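Have a look at the structure below before the remarks.
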Amino acid sequence: MAETMILIPGRTTKQGVGLLESKFKKQYRDATTTVEINVEDMARLGLKDGCKVKLRSANGVTTVKCTGRKTEDLPPGVLFIAYGPPTSKLMGTDTGASGMPLSKHLEVELESVN
Amino acid sequence: MGAATKAKSEANIKTVENATCTFCGCLCDDMVLTVDMDAKKITKAKNACVLGKALFLSHEEEDRPFALIDGKPATLKEGVEEAAQILANARFPMFYGMSDTTCEAQRQNVALVDMVGGTIDSTTSVCHGPTGMALQGVGESTATLGEIKNRADLVIYWGGNPAESLPRHFARYAVTAKGMYTPNRKKDRTIVNVDVRRTKSVPVADIFIQVKIGADFELLWALRALVKGRHVDPNIEKRTGVSLETMKDLVERMKNCRYGVLFFGMGLSMTRGRHFNSAAILSLASDLNEYTHFIATPMRGHGNVAGADIVVSWQTGYPFGVNFSRGYPKFNPGEFTATDMFARGDADAGLILASDPGSNFTQAAIDHMKKIPMIVLDPKLTHTAKLARVAFTTSHYGINTGGTAYRSDGVPIELRPCLDSKYPSDEEVIRAIYKRVEQLLKTRKKTKGANNKRRKAA
Ligand code: SF4
């Protein structure tokens, strides 16, 4: 069953090092296709590190791997992922006359695909 | 090893001191690079962080054609001709990027967009563009990073993760750096981190305040009220996730410090509230100046994104999202910003200078870029280069090309290149396109004039 969560895309060191090597190589691809999930949410949804999950926003859908984060690091209901092609699929086009699409506060439905 | 061989290999190792790393807005200009001139490789990058090391040590000149036209190898001249034809025939071209190139290339890019009557926007619009809008509304109390290093005794990071995006920010400028009035480094400073999650930047903080997602504006506004001595309902905790006691404690620290600084990241400008969030934090710093010296300054990601704002402002009067269709610059975020123009399908051509919107724009914008003729200049193969009609391979700024870049605090830094490249710089390619477009437009004007004369005579 899908659950609604808030996704925060951001920068990570792995993604930065990966893009310097090549955006078409494993390091960058891995960094941008791994979503961090609160461990309690993971347990409830029957997910383990490395499981695939589908993220669906009002604008698109993408499939990524998941990895757990402790509750004091990432609150329940919040997801984190490094910027990259998968986050482009989820962002909306409305910039509210600012030029900036909402890029850090994305409502997504998360669903296990295993 | 024979003496001659040894002398030869030693002679081909060069050391470049005070080189500048252009990966992030810290723009560290204390790099000591060891360069193997025979192998054309940088073998050591002293003082660089993990990202700087990756930039220098992974640098190698990719053996790619000078240009690709529709994915097929082409000469530089052919690429310039194709790009010039695209721009001379476009009615509403968008010029975007500029945060990873020199100010000299940025300046030339503005001249080109001016000539063709197009629209220019930098990666600022999808980073601190909302902060640029807020600055115009409420002003800014600011300082250089040098001043902050020497004086700040209260440092607040808000909605940013410098440990991963600007790794030397702490050591060079604001946490463990030794300053004139902060000789005991971190012992002389209180570090606060405000964020919705515990990032890798949190461990250096003395105080971590976890704000509820989407409640930064409310927290900032409550802090402003407390600074002004107004009553704040304790129920504010339900909305913000932060207790009134924690807020009051922070306000006391802010009012009583000697010199305070609010460094804020895209956790404010990219999230719900955008420019209102940025305006709130800038206003909080202004309010605090009634009690002490306080500044607020955005943390900038790309090496020369600050330069893009400065060059475009200096040339047009506006920092980003500027249109020249009427022959004079007009600024209107939302209308003349790149993601909007591509996603709406307004742009009929694009020139992307040192950026990769093909990997980080919205899907609707990427889909439109695939439909129109795009020109890309980049040292590496990128997602945008793959979808472009013309993709130029250019040399790397800072490593192969000298020039100027602006640090995130607006201080210009000179670049010290260490290796030659067979590829031209961004500036050289843009200049060549400019020259050819100028010729094409002149010829067109002449032909149009002659046709008009003929029509009148007939
Ligand atoms: S902090 Fe930024 S500029 Fe300094 S070395 Fe690291 S990546 Fe380069």
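Each chain gets a letter, A, B and so on, in the order its sequence line appears, and its residues count up from 1. From a predicted model like this one, the values you see are computed outputs, not experimental measurements. Atom set for the values below is all heavy atoms of this structure, side chains included, hydrogens, waters and symmetry mates excluded.
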Quiz item: What part of Leu381(B) gets closer than 4.5 Å to chain A, counting heavy atoms only: side chain, backbone, both or neither?
Solution: both

Quiz prompt | Ring-face cation of Arg197(B) near Phe80(A) (centre distance under 6.0 Å, axis angle within 45°) | solution = yes

Quiz item: Below 4.0 angstrom, N of the basic side chain to O of the carboxylate: do Asp30(A) and Lys65(A) qualify?
Solution: yes

Quiz item: So which part of Phe23(B) gets closer than 4.5 Å to some heavy atom of chain A, the side chain, the backbone, both or neither?
Solution: side chain

Exercise. Go through the atoms of Glu72(A) and report whether side chain, backbone, both or neither lie under 4.5 Å from a heavy atom of chain B.
Key: both

Quiz item: What part of Gln210(B) is in contact with chain A, defined as an atom under 4.5 angstrom from a non-hydrogen atom: side chain, backbone, both or neither?
Solution: side chain

Exercise. Show your working on side-chain contact (heavy atoms from CB on, under 4.5 Å) between Val126(B) and Tyr96(B) and close with a plain yes or no.
Key: CA-CA 11 Å; Val126(B) 293; Tyr96(B) 175 76; 3.5 Å; yes

Quiz item: Is the shortest heavy-atom distance from the side chain of Pro379(B) to the side chain of Tyr397(B) under 4.5 Å?
Solution: no

Quiz item: Can a donor-acceptor pair be found between the side chains of Thr95(A) and Asp340(B) at a distance below 3.5 Å?
Solution: yes

Quiz item: Between Ile8(A) and chain B, which part of the residue has a heavy atom less than 4.5 Å away: side chain, backbone, both or neither?
Solution: side chain

Quiz item: Do Glu335(B) and Lys330(B) sit within salt-bridge range, that is, some charged N less than 4.0 Å from a carboxylate O?
Solution: no

Exercise. Taking all non-hydrogen atoms of both residues into account, name the closest pair between Lys14(A) and Gln27(A) and its distance.
Key: O-CG, 4.0 Å

Quiz item: Looking at Tyr157(B) versus Phe264(B), is the centre-to-centre ring distance below 6.0 Å?
Solution: no

Quiz item: When you check the gap from the basic side-chain N to the acidic O, do Lys380(B) and Asp356(B) get nearer than 4.0 Å?
Solution: no

Practice problem: Could you tell me which portion of His59(B) (side chain, backbone, both or neither) has an atom closer than 4.5 angstrom to a non-hydrogen atom of chain A? | Solution: neither

Quiz item: Taking the six-membered ring for Trp, are Phe276(B) and Phe217(B) parallel (under 30°), tilted (30 to 60°) or perpendicular (over 60°)?
Solution: perpendicular

Practice problem: Answer with side chain, backbone, both or neither: which region of Val78(A) has an atom nearer than 4.5 Å to a non-hydrogen atom of chain B? | Solution: side chain

Quiz prompt | Atom group of Thr339(B) that falls short of 4.5 Å from chain A, counting heavy atoms | solution = side chain

Quiz item: If you count heavy-atom pairs under 4.5 Å with chain B, which of Leu102(A), Thr12(A), Thr93(A), Leu20(A) comes out on top?
Solution: Leu20(A)

Quiz prompt | Proximity breakdown for Val202(B) and chain A, heavy-atom pairs closer than 4.5 Å | solution = neither

Exercise. Pick one of side chain, backbone, both or neither for Cys127(B), based on which atoms fall under 4.5 Å of a heavy atom in chain A.
Key: backbone

Quiz item: Where does Met266(B) contact chain A at under 4.5 Å (heavy atoms): side chain, backbone, both or neither?
Solution: both

Quiz prompt | Portion of Ser98(A) that has a non-hydrogen atom of chain B nearer than 4.5 angstrom | solution = both

Practice problem: Among Gln363(B), Arg274(B), Glu60(B), single out the residue with the greatest number of heavy-atom pairs under 4.5 Å to chain A. | Solution: Arg274(B)

Quiz item: For Thr124(B), is it the side chain, the backbone, both, or neither that has a heavy atom closer than 4.5 Å to a heavy atom of chain A?
Solution: neither

Practice problem: Check whether Arg272(B) gets within reach of chain A through its side chain, its backbone, both or neither, counting any heavy atom under 4.5 Å. | Solution: both

Quiz item: Is chain B contacted by the side chain of Asn59(A), its backbone, both, or neither, given a heavy-atom distance below 4.5 Å?
Solution: neither

Practice problem: Please check if any side-chain donor atom of Glu40(A) sits under 3.5 Å from a side-chain acceptor atom of Thr71(A), or the reverse. | Solution: yes

Practice problem: Go through the atoms of Ile6(A) and report whether side chain, backbone, both or neither lie under 4.5 Å from a heavy atom of chain B. | Solution: side chain

Quiz prompt | Exercise: do Thr337(B) and Asp121(B) side chains pair donor with acceptor under 3.5 Å | solution = no

Self-check item: Option that, when pairs with chain A are counted at under 4.5 Å, heavy atom only, ranks first among Ala365(B), Gly301(B), Ala163(B), Gly132(B)
Solution: Gly301(B)

